[in-house]
Amino acid sequence: MVKSRTLGAAARVRPWLPLFAVALAAGLAAVGGSYLSVGRRPAFVATPIDRLVIAASPDALVTFAITQLGTLGHRLAFLTAIALTAVLFGLAALPGAVLLQGRGPVSGASGVRGGALVGVVAGTVLPGAVAFGLTRSPISSAGTAAGAGLVLFVTAGTAVLVTGEDAALGSLGRRRVLGAVGSAIGVSALGLFVRGTGEESFPSALEIPEDARPAVRESLTQAKDRSLAVEGLEPLVSTDFYEVDIANVNPAVDRDEWTLSITGAVEEVVEYEFADIEGMALEDRFVTLRCVGDQLNGWQMDTALWSGVPVERLLEVANPQGDRVILHGADDYYNEFPIEALWPGLLAYRMNGRPLPRAHGAPVRALVPGHWGEINVKWLTEIEVRDEETTGYWEHRGWHGTGPVETVAKLWQINRLGSGRYEVAGHAYAGTRGIEAVEVSTDGGDTWVDAELSEPLPGEDVWRQWRHEYGAAGTHDVIVRARDGNGALQIPDEDGPKPDGATGWVTETVRLQ
Ligand SMILES: Nc1nc2c(c(=O)[nH]1)N[C@H]1C(S)=C(S)[C@@H](COP(=O)(O)O)O[C@H]1N2
Ligand SMILES: [Mo]
């Protein structure tokens, strides 16, 4: 009795499995087709789903992903969004897969052909329509539709579609399911092959662009010359610049359509186009950025030579009447802080002699001297002046990262020079307070000496490198601490990044090798 009932249940479930497999394959191909057509851009069908995933994620998870996992966290989150999108489009393709098995109103071969055709058409049009609803992009929707449609087409097989042959379509056999899965993988692989992962490579500042302005060339050369000659240590202008974004797909803002408005508590609401900004005198500044989520000895701290126009030039015209400001980005990111901090800022649209990369906020981003990275809003679209306080994106999620940075000395490089000689080195940063000294202890904190420092680069908000060479007989602890331009020592108490930035002194144990 029991046995036969189980068999009955299995028989009832079974026919649905190939159907779902085909639909899911069509869903994957829909995502792959969209990716093939537009790449990792806002029009990609997984972008809106990614936003929903992030909005729905608990703050602790988002914090963990950003502070502990970095790029890996982004990849995992993005893969999750892609998987969910494939399921969504699998559902959109399901009616097509069901219809594919039907015979239509006519009996015989033409009935089979008719059912298959209706299935393929439904499995193309429905996912396409859902894609258009999500992205409003005809190209992305066409790619989505084509991907899903192709899978259903392959599932049906040309023999059925052309001649109505093979009356066995009613049950989707293993061969058909394999065809569906195979074609879905094919479309996705082609998308990846053609578009890559969509992660931009950072143009190294070590290669000064041919067309760089003489002032930029001079500054980048100066940064190269002033960088300490330490094997393996990043130079004064970063060769790779960290990236922190709330979303996994960056906005793609067309500079010809971009505008920046200054709104809210202002005497005059003003709007700028890119050409207006480009028409103003260009200023180059070395500026260091550091994320409040950066671990004490982490890598979310970098420096570039940025070019743009002082915020002051634009703010003056609007004549702000409030003492707070919210900067808005095209990704719906926003951050709030005292307007006082913004006045000396820069609206940058070039980085290391090249147009600002999309990953770092093209066409225009804000650079706010001495403050944590988060208020340096990328893809800037609006400066909203306010007369009362509110919370920004991260503050809303429990961070306090709108203020000035903490002082830090990183220990990024340990070189064993041989015969018991060691070289330790790194970068130190204290925002607009500047770095006056970096002190090193190679005996676990008993004695301290001043490290050698790189000659300062021009600029109010830029890091310095430090280096120290010494001899040691066995395993020992190296501790570093910076002293800022006011003579204040880096905070010794150890604390993690959340909510207001990591504190403590970096300690590394150096073993003999
Ligand atoms: N529009 C927008 N601006 C943004 C962010 C963002 O997610 N969206 N991230 C902020 C954070 S938390 C940091 S640390 C810096 C990082 O700048 P980078 O990615 O150029 O290094 O940008 C800030 N500006
Ligand atoms: Mo950040």
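One-based numbering, in listed order, for ligands and for the atoms of each. FYI, the numbering just counts along the sequence from 1. Because only heavy atoms are used, hydrogens play no part in the values below, and waters and symmetry mates are left out as well, while side chains stay in.
Residues Trp372 and Cys291 are not in side-chain contact: their nearest non-hydrogen atoms beyond the backbone lie 4.5 Å or more apart.
Interatomic distance, Arg416 CZ to Glu423 CD, rounded to the nearest 0.5 Å: 12.0 Å.
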So what's ligand 1 close to, N/O to N/O, under 3.5 Å?
| unit_1 | atom_1 | unit_2 | atom_2 | d |
| --- | --- | --- | --- | --- |
| ligand 1 | 1 (N) | Asp331 | OD1 | 2.9 |
| ligand 1 | 1 (N) | Asp331 | OD2 | 3.2 |
| ligand 1 | 1 (N) | Lys378 | O | 3.0 |
| ligand 1 | 3 (N) | Lys378 | N | 2.9 |
| ligand 1 | 7 (O) | Ile246 | N | 2.8 |
| ligand 1 | 8 (N) | Asp331 | OD2 | 2.7 |
| ligand 1 | 9 (N) | Val244 | O | 3.0 |
| ligand 1 | 17 (O) | Arg365 | NH2 | 3.1 |
| ligand 1 | 19 (O) | Val244 | N | 3.1 |
| ligand 1 | 19 (O) | Lys378 | NZ | 2.5 |
| ligand 1 | 20 (O) | His360 | ND1 | 2.6 |
| ligand 1 | 20 (O) | Arg365 | NH1 | 2.7 |
| ligand 1 | 21 (O) | Tyr242 | O | 2.6 |
| ligand 1 | 22 (O) | Arg365 | NH2 | 3.4 |
| ligand 1 | 24 (N) | Asn376 | O | 3.1 |

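Side-chain N/O atoms of Tyr333 and Asn335 include a donor and acceptor closer than 3.5 Å.
In this pair, His427 and Trp463 present their aromatic rings tilted. The plane angle is within the 30 to 60° band. By the 30° and 60° cut-offs, the orientation of the rings of Phe241 relative to Trp306 is perpendicular.
A cation-pi arrangement is not found for Arg40 relative to Phe44, the charged atom failing to lie both closer than 6.0 Å to the ring centre and inside a 45° cone about the ring normal.
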